[in-house]
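Taking it in order: structure first as structure tokens, then the write-up.
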Amino acid sequence: MSKRALITGVSGQDGSYLAELLLSQGYQVFGLVRRSSNERLERIAHLADSLVLVRGDLLDHTSLVRAMEEARPDEVYNLAAQSFVPTSWQEPVLTAEFTALGATRLLEALRQVAPRARFYQASSSEIFGKVRVSPQDERTPFWPRSPYGVAKLYAHWITVNYRESYGLFACCGILFNHESPRRGVEFVTRKITREAARIRLGLARELRLGNLEARRDWGFAGDYVRAMWLMLQQPSPEDYVIATGEMHSVREVCEVAFDELGLDWREHVVHDAKLVRPAEVDLLVGDASKARRDLGWKPEVGFQQLIRDMVRADLRDLSGRI
Ligand code: NAP
Ligand code: GDD
């Protein structure tokens, strides 16, 4: 009999890649989607015939219980969150409701309906925040620097706590930044690749950015969802850092993206102080040795290829619209 999986956040970047992966492995996949006046399911439109969509919201415990009852899952992946760091200063309480308490509500629904299901929590390298040691691994101390990071740290610890309190098979993947042509346009890589393509096509003249010196460990989302799945196939539940081990600056993303289009980024990028965050995470770089050893996981797509692929995808998409 085929395995059954429930994915929250299925309409997001990672949800769409994970749904593709699980379907390709013969899973029956249920995706939780919340009601919106203007439904945006374009990332999973190509999966419409094979995915079962279940209505529900991380704010609404009853809807999560119903989703569990309908899906009867062997595996649950909690990818839903308010995931954009700047919004977490504008909406700190809502961010905590979705990103922190939402995980508790889902774990409670799981305990109630499907206590033997395996659970994946989307933890984030943002919980390392103001780092004192590099690279960061599973033993690095946490110091989140945004309401988002604080909410993710709560969700991380509640998952660990439910594993220890109730013996759930619950794992946290501490994922470093991962991108793709399906990345939300507000995140810095996609903002750069999309705006660079618009400039190339004469649709825009400049690109306004905040801190160009921030450094991140950027990987490809398709590689990272494979790690999520691998964590739930292990003999015992553990937490893992998932990262490439390479760090690059926002400035380097600009260099590569504009270069792919034959442009000089310095002629188009404008610093905008309004885009600088109240508290910044200056750098993140992960050590995924544990995942490499236990899961046999390693990234397939490198930084240059990732950014160049994103630029080409944006150029294709925008060219098709004009
Ligand atoms: P994303 O594209 O922003 O997707 C977030 C998803 O959460 C969307 O499907 C969204 O649904 C859903 N959602 C938000 N609030 C909800 C609620 N109250 N109830 C139900 N669904 C809700 O994020 P992503 O990049 O795929 O990331 C997936 C997860 O990994 C997130 O938890 C994120 O914080 C975490 N993470 C991401 C990265 C990264 O670099 N991408 C790194 C570490 C951790 P709508 O479509 O309705 O808005
Ligand atoms: N978004 C954005 N827009 N970021 C900018 C800009 C800009 O105009 N200019 C500079 N940056 C810098 C930010 O200050 C930050 O240091 C860096 O670019 C990356 O920003 P984002 O792409 O927004 O990602 P993030 O690192 O804050 O958060 C992402 O990664 C986390 C994992 O570490 C999100 O996907 C989170 O959900 C995820 O947990």
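Note that ligands are numbered from 1 as they come in the structure, with each ligand's atoms numbered from 1 the same way. Just the heavy atoms: all of them, side chains too, but no hydrogens, waters or symmetry mates, feed the values below.
- Aromatic pair Trp229/Tyr224: centroids not less than 6.0 angstrom apart.
- Lys191 contributes a side-chain N or O that, together with a main-chain N or O of Arg208, makes up a donor-acceptor pair within less than 3.5 Å.
- Residue Arg40 does not touch ligand 1, judged by heavy-atom distances below 4.0 Å.
- The closest donor-acceptor contact from the side chain of Asp57 to the backbone of Arg34 lies at 3.5 Å or more, if one exists at all.
- Near Ser125, the atoms of ligand 2 lying under 4.0 angstrom from a non-hydrogen atom of the residue are 32 (C), 33 (O).
- Ligand-side atoms of ligand 2 in range of Ser124: 31 (C), 32 (C), 33 (O), 38 (C), 39 (O), range being under 4.0 angstrom from any heavy atom.
- Comparing heavy-atom distances from atom 8 (O) of ligand 2 across His178, Glu186, Lys191 singles out Lys191 as nearest.
- Side-chain atoms of Gln136 come within 3.5 Å of backbone atoms of Val285 as a donor-acceptor pair (strictly under, hydrogens ignored).
- A distance of 6.0 Å or more separates the ring centres of Phe169 and Phe119.
- An N or O contact shorter than 3.5 Å links Asp14 to ligand 1 by distance.
- The closest approach between any non-hydrogen atom of Glu179 and ligand 2 is not below 4.0 Å.
- The side-chain heavy atoms of Val269 and Glu206, taken from C-beta on, include no pair separated by under 4.5 Å.
- Those atoms of ligand 2 with a heavy atom of Phe84 less than 4.0 angstrom away are 1 (N), 23 (O).
- Here's the thing with Gly56: none of its N/O atoms is less than 3.5 angstrom from an N/O atom of ligand 1.
- With Arg190 contributing its side chain and Ser180 its backbone, the two residues share no donor-acceptor pair below 3.5 Å.
- Polar contact with ligand 1: absent for Asn78 (N/O pair, distance under 3.5 Å).
- In this comparison of Asp57, Leu59, Leu94, the heavy atom closest to atom 17 (C) of ligand 1 sits on Asp57.
- Using a 4.0 Å cut-off to heavy atoms of Ser123, the atoms of ligand 1 that qualify are 43 (C), 44 (C).
- Using a 4.5 Å cut-off on side-chain heavy atoms (C-beta onward), Glu213 and Val250 make no contact.
- No part of Glu126 comes within 4.0 Å of ligand 1, judged by heavy-atom distances.
- Considering only heavy atoms from C-beta on, Trp89 comes within 4.5 Å of Pro147 through its side chain.
- Between Leu58 and ligand 1, at least one pair of N/O atoms sits closer than 3.5 Å.
- Residue Gln82 places no N or O, backbone or side chain, under 3.5 Å from any N or O of ligand 1.
- Under a 4.0 Å criterion applied to the non-hydrogen atoms of Asn177, ligand 1 contributes the atoms 40 (O).
- Taking each of Tyr148, Phe176, Phe187 in turn, the one with a heavy atom nearest to atom 39 (O) of ligand 2 proves to be Tyr148.
- Contacts between His178 and ligand 1 below 4.0 angstrom, taking non-hydrogen atoms only, involve backbone and side chain alike.
- Leu79 O, 3.4 Å is the protein heavy atom nearest to atom 28 (C) of ligand 1.
- With hydrogens and angles ignored, the 3.5 Å screen pairs a side-chain donor or acceptor of Arg200 with a backbone N or O of Leu261.
- Annotation: Ala81 places an N or O atom under 3.5 Å from an N or O atom of ligand 1; distance criterion only.
- Ranking protein heavy atoms by distance to atom 15 (C) of ligand 2, first place goes to Arg216 NH2, 3.5 Å.
- Within the set Arg277, Gln13, Glu280, the minimum heavy-atom distance to atom 21 (P) of ligand 2 is found for Arg277.
- Counting the atoms of ligand 2 from 1 in the order shown, those under 4.0 Å from a heavy atom of Ala214 are 16 (O).
- The distance between the ring centers of His268 and Phe258 falls below 6.0 angstrom.
- The option from Tyr17, Phe84, Phe98 that lies nearest to atom 15 (N) of ligand 1, judged by heavy atoms, is Phe98.
- Residue contact annotation: Lys152 has a non-hydrogen atom under 4.0 Å from ligand 1.
- Of all the atoms in ligand 1, the ones that sit under 4.0 Å from a non-hydrogen atom of Ser11 are 8 (C), 9 (O), 11 (O), 45 (P), 46 (O).
- Side-chain atoms of Arg4 do not come within 3.5 Å of backbone N or O of Asp74 as any donor-acceptor pair.
- For His248 (side chain) and Glu246 (main-chain N/O), no donor-acceptor pair under 3.5 Å exists by modelled atom type.
- When Gly9, Ser83, Ala155, Gly31 are checked for heavy-atom proximity to atom 3 (O) of ligand 1, Ser83 turns out nearest.
- The ligand atoms of ligand 2 that sit less than 4.0 angstrom from a heavy atom of Leu275 are 8 (O).
- Of the options Arg116, Lys3, Arg118, a salt bridge (Lys or Arg N to Asp or Glu O under 4.0 Å) to Glu75 is made by Lys3 and by none of the others.
- The distance from ligand 2 to the heavy atoms of Gly210 drops below 4.0 Å at these ligand atoms: 6 (C), 8 (O), 9 (N), 10 (C).
- Those atoms of ligand 2 with a heavy atom of Val85 less than 4.0 angstrom away are 27 (O), 28 (O).
- Of the candidates Leu209, Val276, Val188, the one placing a heavy atom closest to atom 2 (C) of ligand 2 is Val188.
- Heavy-atom contacts of Arg183 reach the following atoms of ligand 1: 25 (O), 39 (C), 40 (O), 41 (N) (cutoff under 4.0 Å).
- A donor-acceptor pair under 3.5 Å is formed between the side chain of Lys152 and the backbone N or O of Ala122.
- A distance-only check finds no donor-acceptor pair linking the side chain of Asp223 to the backbone of Pro299 [under 3.5 Å].
- Counting only non-hydrogen atoms, the option in Val281, Asn177, Thr99 that gets closest to atom 24 (O) of ligand 2 is Asn177.
- Not close to ligand 1: Phe187, with no non-hydrogen atom less than 4.0 angstrom away.
- With hydrogens and angles ignored, the 3.5 Å screen pairs no side-chain donor or acceptor of Glu164 with any backbone N or O of Asn161.
- Heavy-atom contacts of Arg183 reach the following atoms of ligand 2: 29 (C), 34 (C), 35 (O) (cutoff under 4.0 Å).
- Between Tyr120 and Tyr240, the gap from one ring centroid to the other reaches at least 6.0 Å.
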